[in-house]
Amino acid sequence: MASVSGSSVDSRAALWGTNATPLTARAESYEASEKKCISDVRRTFCLFVTFDLLFITLLWIIELNVNGGIEKQLDKEVLHYDYHASFFDIFLLAVLRFAALILAYAVCKLRHWWAIAITTATTSAFLIAKVILSKLLSQGAFGYLLPIISFILAWIETWLLDFKVLPQENDDENRFRSVMEAPERTPFLHPGPLSDGQFYSPPESLADSDEELLDDTHEPEKALI
């Protein structure tokens, strides 16, 4: 009986260990990700913000080179800035957007959408006003390309943060909480001492009883013979 009880306790302990192993692994995985500077999905967002700045910068440099040389156009668009004809403000807007988003979501690790809402609203309003009031559309392909690309990239950043970064981080946090609370909700999986009363022998079948009766009747007959 003691051996049966010991084996049952061992089997229940093994069952608890089997159930607890994936929960512990998931909890440790989440804790390891929390120890990182930023999560993987947030890092992807920051990389896209960096791509936004580099792409706008590249387009602006190409525009400067195409329209008469970099030095000459820098003097014209930066030192003698003209709102109606310069692309410098679109580049400066990309720099400010990059600085604000990296500061908010990489350095401060905000988990709210208000920062990107401000940058996207500012970018959209400025670009729409510039297209309406300036003379960019008369300056060739870059008059169309730079405002449109800047507008699209700003809204892609908003979509990434609002539909990818924040929901996934919230799901990871909720999953971690459910994993940590799971052992408290399933105490029956913990191994514990079992009483002898929980073990019993199955009742003998009728067939076995009949065979024993037949054996008992045959034994006297053998003795008489």
Side-chain angles (χ1 to χ4, degrees), residues 19-63 87-132 134 136-137 141-186:
N19 292 331
T21 299
L23 300 179
T24 305
R26 290 167 62 185
E28 291 177 353
S29 176
Y30 181 82
E31 289 175 350
S33 65
E34 285 295 312
K35 291 179 181 179
K36 297 179 182 178
C37 294
I38 54 177
S39 63
D40 294 338
V41 66
R42 188 177 289 255
R43 187 185 303 112
T44 303
F45 169 77
C46 293
L47 287 175
F48 187 82
V49 172
T50 306
F51 167 78
D52 175 13
L53 174 63
L54 295 177
F55 190 52
I56 295 299
T57 303
L58 178 63
L59 289 178
W60 185 52
I61 292 174
I62 294 174
E63 183 270 333
F87 293 95
F88 173 66
D89 47 11
I90 297 179
F91 163 75
L92 187 60
L93 185 65
V95 172
L96 295 176
R97 185 169 61 248
F98 167 81
L101 294 179
I102 293 298
L103 178 63
Y105 296 108
V107 178
C108 299
K109 300 179 184 178
L110 292 181
R111 304 188 67 176
H112 200 274
W113 48 263
W114 64 265
I116 199 168
I118 294 175
T119 59
T120 303
T122 303
T123 299
S124 301
F126 180 85
L127 291 175
I128 291 173
K130 189 172 182 64
V131 169
I132 294 174
S134 68
L136 295 182
L137 301 182
F142 287 98
Y144 296 89
L145 192 60
L146 272 170
I148 292 174
I149 294 297
S150 183
F151 185 87
I152 292 174
L153 290 176
W155 279 97
I156 292 177
E157 291 165 356
T158 304
W159 177 80
L160 279 176
L161 183 78
D162 200 23
F163 290 93
K164 297 294 181 180
V165 178
L166 298 182
Q168 182 167 335
E169 290 183 347
N170 290 333
D171 290 343
D172 291 341
E173 184 178 358
N174 293 334
R175 191 179 300 114
F176 175 71
R177 289 178 180 175
S178 64
V179 167
M180 298 306 294
E181 294 174 359
E184 298 178 1
R185 295 196 302 266
T186 56

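Since the model is a prediction, treat every value here as computed from it, not as a measurement. In this chain, residues are counted from 1 in sequence order.
Residues satisfying the side chain to side chain contact (heavy atoms under 4.5 Å, CB included) criterion with Ala99, sequence neighbours excluded, are absent altogether. Applying the ring-ring contact (aromatic ring centres under 6.0 Å, His included) rule to Phe48 yields the partners Phe51; only residues at least two apart in sequence or on another chain are considered. In this structure, the side chain to side chain contact (heavy atoms under 4.5 Å, CB included) partners of Ile118, at least two apart in sequence or on a different chain, are Trp114, Thr122.
The side-chain heavy atoms of Glu63 and Leu58, taken from C-beta on, include no pair separated by under 4.5 Å.
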Kindly list each side-chain donor-acceptor pair under 3.5 angstrom involving residues 142-164, sequence neighbours excluded, with atom names and distances?
residue: Trp155; atom: NE1; partner: Ser124; partner atom: OG; Å: 3.0
residue: Thr158; atom: OG1; partner: Thr120; partner atom: OG1; Å: 2.5
residue: Thr158; atom: OG1; partner: Ala154; partner atom: O; Å: 3.1

Donor-acceptor pairs are to be reported for all side-chain atoms of residues 87-94 against protein atoms at under 3.5 Å, with residues two or more places apart or in another chain.
residue: Asp89; atom: OD1; partner: Lys130; partner atom: NZ; Å: 3.3
residue: Asp89; atom: OD2; partner: Tyr81; partner atom: OH; Å: 2.7
residue: Asp89; atom: OD2; partner: Lys130; partner atom: NZ; Å: 2.6

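Between the CD1 atom of Ile61 and the CD1 atom of Ile56 there is a distance of 12.0 Å, given to the nearest 0.5 Å. Residue Ile102 holds its CD1 atom at 11.5 Å from OH of Tyr105, rounded to the nearest 0.5 Å.
The existence of a salt bridge linking Lys109 and Glu169 is excluded, since no basic side-chain nitrogen approaches an acidic carboxylate oxygen closer than 4.0 Å.
When all heavy atoms of Ala106 and Ile38 are compared, the pair lying nearest together is O-CG2, 4.0 Å. Among all heavy-atom pairs drawn from Leu53 and Thr57, the shortest one is O-OG1, 2.7 Å.
Legend: salt bridge (Lys or Arg N to Asp or Glu O under 4.0 Å) pairs involving residues 47-59, not counting sequence neighbours, sorted by first then second residue: Asp52-Arg97.
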Stepwise side-chain contact (heavy atoms from CB on, under 4.5 Å) check, Asn170 with Arg111: CA-CA 9 Å; Asn170 290 333; Arg111 304 188 67 176; 3.3 Å; yes

